[in-house]
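Data first, discussion second: the structure below is written as C-alpha cells.
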Protein chains: 2
Amino acid sequence: MAQEFEELKLCNQLCFPLYACAKEVVRMYKPYLDEFDLTYTQYIAMLVLWEQEEISVKQLGELLYLDSGTLTPVLKKLEQKGYLHRERSKEDERVLLVTLTEVGEELKQKAVKIPRQMGACMKLEPEEALTLHRILHKLLDGCTDS
Amino acid sequence: MAQEFEELKLCNQLCFPLYACAKEVVRMYKPYLDEFDLTYTQYIAMLVLWEQEEISVKQLGELLYLDSGTLTPVLKKLEQKGYLHRERSKEDERVLLVTLTEVGEELKQKAVKIPRQMGACMKLEPEEALTLHRILHKLLDGCTDS
DNA sequence: AAACACTACATTGTACACAATTAAATTTAC
DNA sequence: GTAAATTTAATTGTGTACAATGTAGTGTTT
C-alpha cells in the first residue's frame, strides 16, 4: 500500500544527506574561517590561488563549479580585503586575471591549520574518508557529462 | 618543501567535493522539479509533509537542518501555491503548524516519479549508493554532537 | 572589412542559508 | 502570582548560487 511511496521518504533519499551534510560541514568551518575573515566560498577560491598564484575567472569557475554571477562579487570582496588583484589580460581584454597579493600569499602560512582543525572535527575513519572522496568524485564526474 | 601545503590543495579536500556534489545534484533535480513548480528546498519540505501530513516549523527544521529564517519564506511560498496551510496551534500559540492541503496530498501521486528519474541520473552502483548514504549519515551525526 | 558568431565577464532577479535580533507566548522561580 | 527565563517564529542583514540577459572584445566568414 504505502510501498509505492517508500521512494519519497526522506530517509531513503541520497540527495538529502548530501545536501544537509555539505551545509553542516560548511557551517563547521565558520569558526575557523572567521579568524581569517573568510567565508567558505572565499576560502575555496583562496585554496586555488594558493596553488596557482594567477588564474582567469573562467578557469576558477571550472575548478570550483561556480559561474561569474557567483564569483564576481566573491572576488571583489577578496580584492577589498587586499588578498588579490583583478585585472584584464593584455592578450585578451575579455579575460579577467586574478592574482594573489603579497598579503594573500602570506595568509597561506597561517591557513595550513584550517584543514587540520577541520580534520579533527570530521569523525571518520581514514578509510571511510577515502571511500567518500572516491564516490563523491565519481558522482561529480557523472554530473558534468550529462 | 611544498609538503607542508599539501593539505591546502583543492584535490586533497574532503569538504570540497561534498560541497560541489551537493550543488550539482540539486541542479540535476531542477528540470524534474520545474515540472511541479517546486524548488529543491520546497521539495524536501514536501517530502516531509507527504510522510507526516502535519508538523511544526521547529520539527520540520530539525528534520531538514534548516532554521526559521529559511523555512518561513519557503513555507509561505508553498502556501501561496496551495500545497499547505499554516496556522498557529491552539494549545501553544507560539507553535506554527504546517498541514498538507488536498492539492498538496494529491501531488504525492505524481511526485513518485521524481526519485526514479533522479536515480537514473546518478551513475552509482547500488552498493556505492549504500556506502555513501551510510558515511554521510555518520558525518551528519558527528556534526550535530559538536 | 563589415557582418556574424562566439567568448568572457558583469549585472539583474529570484531563492535560499544562516547569524543575530525581535516579539509574543509559555514555563519556571521565587 | 508576578518577574525572569525560555521557547517558537518572524524579521533583518549579509553572502552566496544560478538562470537569464547585457556588453564588450575576439574570431570567422565571405
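Note on naming: letters A, B, ... go to the chains in the order of the sequence lines (proteins, then strands), and numbering restarts at 1 for each one. Predicted model, so just to flag it, every value in this text is computed and none were measured.
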Of residues 80-92 of chain B, the positions that come close to DNA chain D - non-hydrogen atoms, cut-off under 4.0 Å: B:Arg86, B:Arg88

Contact under 4.0 Å: B:Lys30 side-chain N or O vs D:dA19 OP1/OP2: no

Value in whole Å for how far the C1' atom of D:dA9 lies from CG of B:Leu60: 13 Å

B:Cys21 SG to A:Asp141 CG distance, which is reported to the nearest 0.5 Å: 9.5 Å

Within-4.5 Å side-chain heavy-atom neighbours: B:Glu79 and B:Val98: no

Between C1' of D:dG15 and CG of A:Leu75, the distance in whole Å: 14 Å

Closest listed nucleotide, where the reference is the side chain of A:Glu93 and the choices are C:dC18, D:dT26, C:dA17: D:dT26

Cation over ring face, B:Lys108 and A:Phe5, 6.0 Å, 45°: yes

Nearest atoms (heavy-atom pairs only) where B:Glu24 meets A:Leu140: CG-CD2, 3.7 Å

Interatomic distance where CE belongs to A:Met28 and P belongs to C:dC18 [whole Å]: 14 Å

Rounded distance (Å) that lies between atom C1' of C:dA8 and atom CG of A:Leu97: 11 Å

Protein-nucleotide distance (A:Asp67, atom CG; C:dA8, atom P), rounded to Å: 14 Å

Nucleotide nearest B:Arg94 when distance is taken to its side chain, options C:dA24, C:dC9, D:dA17: C:dA24

Selection from C:dT11, C:dA17, C:dA25 that lies nearest to any side-chain heavy atom of B:Thr41: C:dA17

Nucleotide nearest B:Leu96 when distance is taken to its side chain, options C:dC16, D:dA10, C:dC9: D:dA10

Phosphate OP1/OP2 of C:dC16 contacted by B:Gln42 side-chain N/O (<4.0 Å): yes

Closest contact, heavy atoms only, A:Ile114 versus A:Leu33: CD1-CD2, 3.8 Å

Comparing A:Tyr19 and A:Pro73 on DNA chain C - which has the more 5′ nearest nucleotide: A:Pro73

Touch class at under 4.0 angstrom, heavy-atom based, for A:Val26 against every strand present: nothing

Protein-nucleotide distance (B:Glu62, atom CD; D:dA9, atom P), rounded to Å: 10 Å

Interatomic distance, B:Leu66 CG vs C:dA15 P [rounded to whole Å]: 16 Å

A:Ser68 (side chain) and C:dA8 (base): donor-acceptor pair under 3.5 Å: no

d(CG, A:Leu71; C1', C:dT11) in whole Å: 14 Å

OH-CG distance between A:Tyr83 and A:Leu107, expressed to the nearest 0.5 angstrom: 5.0 Å

Short side-chain N/O contact from A:Arg27 to OP1 or OP2 of C:dA19, under 4.0 Å: yes

Side-chain N or O of A:Lys76 closer than 4.0 Å to phosphate OP1/OP2 of D:dT16: no

Below 4.0 Å: OP1/OP2 of D:dT16 and any side-chain N or O of A:Thr39: yes

Hphob cluster co-occupancy, B:Val95 + B:Ile55, side-chain heavy atoms under 4.5 angstrom: no

Residue B:Lys58, side-chain atoms from C-beta onward, closest of D:dT8, C:dC9, D:dC18: D:dT8

same_hphob_cluster(B:Leu130, B:Leu124) at 4.5 Å side-chain heavy-atom cutoff: no

